[in-house]
Chemist: 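Here you go, one structure.
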Amino acid sequence: SQTIHQWPATLVQPVGSPLSLECTVEGTSNPNLYWYRQAAGRGLQLLFYSVGIGQISSEVPQNLSASRPQDRQFILSSKKLLLSDSGFYLCAWTKSRGMGYTFGSGTRLTVV
Amino acid sequence: RKEVEQDPGPFNVPEGATVAFNCTYSNSASQSFFWYRQDCRKEPKLLMSVYSSGNEDGRFTAQLNRASQYISLLIRDSKLSDSATYLCVVILNNAGNMLTFGGGTRLMVKP
């Protein structure tokens with residue numbers, strides 16, 4: 001069966017520090033991968049998606065970046081965090097068109 | 001206009017009540033539709049897909065009205081454990097298979 005792992009679960013980082021969040025999927029190949037952010041009390045905002053290794057599409061211009069160094073690994077990064085980067089970051093995957101996503105358990109990031 | 005709109009609620013209902021949520025979408029080219037459930041401080045989880053003919057899963061019934069561009073979720077015999085935020089989700093038939101989420105409707109079922 002397929003599983004998605006996301007870590008860390010919680011993170012408190014100072015303004016200006018770097019960020020690296022990792023997401024991996026097991027039990028499938030060539031998944032579509034996504035990073036979403038959910039601010040407190042708000043809806044989900046798509047940040048990046050990837051349909052293959054090295055293929056990254058950005059939906060929202062900001063100080064975040066994403067990379068997909070391996071087929072089932074998706075990384076969200078920042079060189080310098082802003083206070084506004086605080087939120088709940090969710091990685092998700094899907095295999096086929098028309099299928100719903102499966103989300104990872106999320107990382108709750110607080111920038112202080 | 002938002003691509004997917006939902007009444008944020010909260011809907012406060014007693015146990016055993018029937019409650020319905022509607023969701024409207026703006027893009028008539030939307031191809032696939034889902035309801036997700038999100039518990040407080042947790043990730044969203046797929047509740048059910050929504051098919052053109054309507055579909056039922058236990059106490060939950062989902063319907064799609066393409067002409068009016070809305071989908072609905074009906075919950076019968078509400079349980080305390082149904083308390084959550086319900087997210088309406090649509091997919092355009094694009095290469096990225098991206099889901100567009102509504103802002104969610106919060107349901108609180110009370111004893």
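Letters go in sequence order (proteins before strands), and every chain restarts at 1.
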Chemist: Look at the side-chain heavy atoms of Ile, Leu, Val, Met, Phe, Trp and Tyr, link any pair under 4.5 Å apart, and say whether B:L74 and B:L47 land in one connected group.
Modeler: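 The answer is no; the residues belong to distinct hydrophobic clusters.
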Chemist: Can you tell me how far the CZ atom of B:F101 sits from the OH atom of A:Y36, to the nearest 0.5 Å?
Modeler: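 These two atoms lie 5.0 Å from each other.
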Chemist: Is any side-chain heavy atom of A:L44 closer than 4.5 Å to one of B:L99?
Modeler: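 Not touching, per the 4.5 Å side-chain cut-off.
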Chemist: For atom CZ of A:R37, decide whether the heavy atoms of other residues, nucleotides or ligands shown that lie under 6.0 angstrom number more than 12.
Modeler: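 Enclosed: over 12 neighbouring heavy atoms sit under 6.0 Å from CZ of A:R37.
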Chemist: Select one option (side chain, backbone, both, neither) describing which atoms of B:F33 are under 4.5 Å from chain A's heavy atoms.
Modeler: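 Answer is neither: B:F33 stays 4.5 Å or more from chain A.
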Chemist: Working to the nearest 0.5 angstrom, can you tell me the gap between A:T94 OG1 and B:L46 CG?
Modeler: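 One gets 10.0 Å once the value is rounded to the nearest 0.5 Å.
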Chemist: Between B:P44, B:G104, B:G102, who has the most heavy-atom pairs with chain A when the cutoff is under 4.5 Å?
Modeler: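 Looking at each option in turn, the highest pair count goes to B:P44.
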Chemist: Taking atom types as modelled, is there a side-chain donor on A:Q38 or B:Q38 under 3.5 Å from an acceptor on the other?
Modeler: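 The criterion, which ignores hydrogens and geometry beyond distance, is satisfied for B:Q38 and A:Q38.
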Chemist: Contact part of A:S105 toward chain B, heavy-atom cut-off under 4.5 Å: side chain, backbone, both or neither?
Modeler: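 Answer is both: backbone and side chain atoms of A:S105 are under 4.5 Å from chain B.
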Chemist: Using the rule that two of Ile, Leu, Val, Met, Phe, Trp, Tyr join whenever any of their side-chain heavy atoms come within less than 4.5 Å, decide whether B:V4 and B:V50 are in one cluster.
Modeler: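 Hydrophobic grouping puts B:V4 with B:V50.
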Chemist: Minimum heavy-atom separation for B:R41 and A:R108, please, with both atom names.
Modeler: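 Heavy-atom minimum between the residues: NH2-CD, 2.8 Å.
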Chemist: Between A:L64 and A:Y49, is there shared hydrophobic-cluster membership here, with clusters defined by ILVMFWY side-chain heavy atoms closer than 4.5 Å?
Modeler: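 They do not share one cluster, since no chain of ILVMFWY contacts under 4.5 Å joins A:L64 to A:Y49.
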Chemist: With a 4.5 Å cut-off on side-chain heavy-atom distances among I, L, V, M, F, W and Y, is there a chain of contacts connecting A:F74 to A:V25?
Modeler: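 A:F74 and A:V25: one cluster.
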Chemist: Taking the side chain as every heavy atom from C-beta outward, state whether B:F34 and A:Y101 have any atom pair closer than 4.5 Å.
Modeler: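 Not touching, per the 4.5 Å side-chain cut-off.
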Chemist: Taking a hydrophobic cluster as the set of Ile, Leu, Val, Met, Phe, Trp and Tyr residues connected by side-chain heavy atoms closer than 4.5 Å, whether directly or through intermediates, do B:V19 and B:I71 fall within one such cluster?
Modeler: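 Yes; B:I71 is reachable from B:V19 via cluster members.
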Chemist: Which atoms of A:F88 are under 4.5 Å from chain B, going by heavy atoms: the side chain, the backbone, both sets, or neither?
Modeler: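 The side chain, not the backbone.
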